[in-house]
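Reviewing the structure listed below.
If you read the sequence from its start, that first residue is 1, and numbering goes on from there. Note that these values count all heavy atoms, side chains included, but never hydrogens, waters or copies made by symmetry.
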Amino acid sequence: MSAAHAQSPYIEPWLRGTHPDVPAVGRAVLHGLELALDDLTKWTDGLTDAEVHSQPLGLNSIAFHLRHIARSTDRILNYAEGGQLSSEQLAALKAEKSGEESMAALLAEVEGSFSNAADRVRVLATANFDTPRGVGRKQLPTSIGGALIHVADHTQRHVGQVVTTAKVLKAMRE
């Protein structure tokens, strides 16, 4: 369990007064990533490595979601920065559905991704959010602000799926 969940009562990241040096939109993204890590740590606590890789009721595995959260954060920020995906990022994307990592290794990948993302978000938070950006080969339109917000909302969507799958797995034990 993360230190944030160990404190009583739990205070969500956006209410902790952290990151006052980061403009509001960037600060909200950072808080969203922190909340995601808090929830991932809390709800996966006690799951076995086998459970994390299982697909109960045909749901995607928690392992997939953790890999996807970590790697998509990098990809979306790459687009926000005006880049396109590298061959390494494309290979990592294709490998998200498979792997045998331990729960600890999967959470470490998310933590590392979020740590890297925090530095990038701090820089992007000072940019003009309306600056156009293109996504993918088709260069679908977004902006720096759109990509920043999507990092947080996309992450939260997958965290919700992890929470649901973790609850299913724990209920199936009984």
Side-chain angles (χ1 to χ4, degrees), residues 2 13-14 18-19 22-44 49 52-53 55 59-166:
S2 72
W14 69 283
T18 55
H19 313 296
V22 180
V25 171
R27 185 168 55 247
V29 173
L30 294 175
H31 288 152
L33 296 178
E34 290 169 351
L35 179 62
L37 189 56
D38 286 354
D39 283 343
L40 291 171
T41 303
K42 174 185 176 182
W43 290 102
T44 60
D49 291 344
V52 169
H53 289 280
Q55 294 182 285
L59 297 170
N60 279 321
S61 72
I62 288 173
F64 160 73
H65 288 293
L66 294 176
R67 283 187 217 100
H68 184 69
I69 289 167
R71 298 170 191 182
S72 65
T73 297
D74 175 56
R75 292 190 297 268
I76 297 165
L77 289 174
N78 192 53
Y79 290 129
E81 294 163 338
Q84 292 301 306
L85 299 186
S86 68
S87 57
E88 293 82 12
Q89 287 169 314
L90 290 169
L93 170 63
K94 290 177 182 171
E96 287 178 359
K97 288 265 186 185
S98 62
E100 299 298 322
E101 311 90 285
S102 68
M103 182 66 217
L106 291 162
L107 278 178
E109 183 178 356
V110 172
E111 289 174 1
S113 173
F114 286 1
S115 177
N116 174 274
D119 294 335
R120 296 163 76 183
V121 168
R122 286 176 176 277
V123 171
L124 289 164
T126 64
N128 176 347
F129 294 145
D130 294 323
T131 302
R133 292 294 189 241
V135 175
R137 288 186 205 122
K138 294 183 180 180
Q139 289 295 284
L140 298 173
T142 192
S143 63
I144 290 175
L148 269 177
I149 297 302
H150 190 60
V151 165
D153 69 27
H154 181 264
T155 297
Q156 290 298 329
R157 178 184 313 145
H158 284 277
V159 168
Q161 292 173 330
V162 168
V163 170
T164 299
T165 305

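Within the structure, ring pair (Phe, Tyr, Trp, His ring centres under 6.0 Å) contacts touching residues 96-125 (residues at least two apart or in different chains) do not occur. Sequence neighbours left out, the pairs with a member in residues 73-85 that pass salt bridge (Lys or Arg N to Asp or Glu O under 4.0 Å) are D74-R120, R75-E96, E81-R120.
Contact of the L85 side chain with the N78 side chain is registered, since non-hydrogen atoms from C-beta on lie closer than 4.5 Å. Side-chain contact between V25 and F129: present, with at least one pair of heavy atoms (C-beta onward) separated by less than 4.5 Å. Counting heavy atoms from C-beta on, the side chains of L66 and M103 come closer than 4.5 Å.
Side-chain atoms of R133 come within 3.5 Å of backbone N or O of A80 as a donor-acceptor pair. Panel note: side chain R27, backbone V22; a donor-acceptor pair is recorded below 3.5 Å. Judged by distance alone, the side chain of T126 and the main-chain N or O of V123 form a donor-acceptor pair under 3.5 Å.
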Let me have the donor-acceptor pairs involving side chains of residues 134-141, under 3.5 Å, with sequence neighbours excluded, atom names and distances please.
{"from": "Q139", "atom 1": "NE2", "to": "Q84", "atom 2": "OE1", "distance (Å)": "3.2"}
{"from": "Q139", "atom 1": "NE2", "to": "G136", "atom 2": "O", "distance (Å)": "2.8"}

Handout entry: Stepwise side-chain contact (heavy atoms from CB on, under 4.5 Å) test for Q161 and N60
Key = CA-CA 9 Å; Q161 292 173 330; N60 279 321; 6.0 Å; no

Problem - Worked check of side-chain contact (heavy atoms from CB on, under 4.5 Å) between L40 and V159 - result: CA-CA 7 Å; L40 291 171; V159 168; 4.0 Å; yes

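For R71, the side-chain hydrogen bond (donor to acceptor under 3.5 Å, both in side chains) partners at least two apart in sequence or on another chain are E109. In this view, F64 and H68 satisfy the ring pair (Phe, Tyr, Trp, His ring centres under 6.0 Å) rule, not counting sequence neighbours. Checked against side-chain hydrogen bond (donor to acceptor under 3.5 Å, both in side chains), Q156 has no partners two or more places apart in sequence or in another chain. Judged as a salt bridge (Lys or Arg N to Asp or Glu O under 4.0 Å), and not counting sequence neighbours, E111 has no contacts. Residues that satisfy the side chain to side chain contact (heavy atoms under 4.5 Å, CB included) test with A117, not counting sequence neighbours, are L33, T73, L77. Residues forming a side-chain hydrogen bond (donor to acceptor under 3.5 Å, both in side chains) with S143 (at least two apart in sequence, or on another chain): none. Qualifying side chain to side chain contact (heavy atoms under 4.5 Å, CB included) partners for S102, counting only residues two or more places apart in sequence or in other chains: D49, A104, A105. For the side-chain hydrogen bond (donor to acceptor under 3.5 Å, both in side chains) test, residues two or more places apart in sequence or in another chain that qualify with H150 are D153. A search for side chain to side chain contact (heavy atoms under 4.5 Å, CB included) contacts involving E34 returns P13, T18, H19, H31, not counting sequence neighbours.
The shortest heavy-atom contact between A125 and G26 is CB-CA, 3.7 Å.
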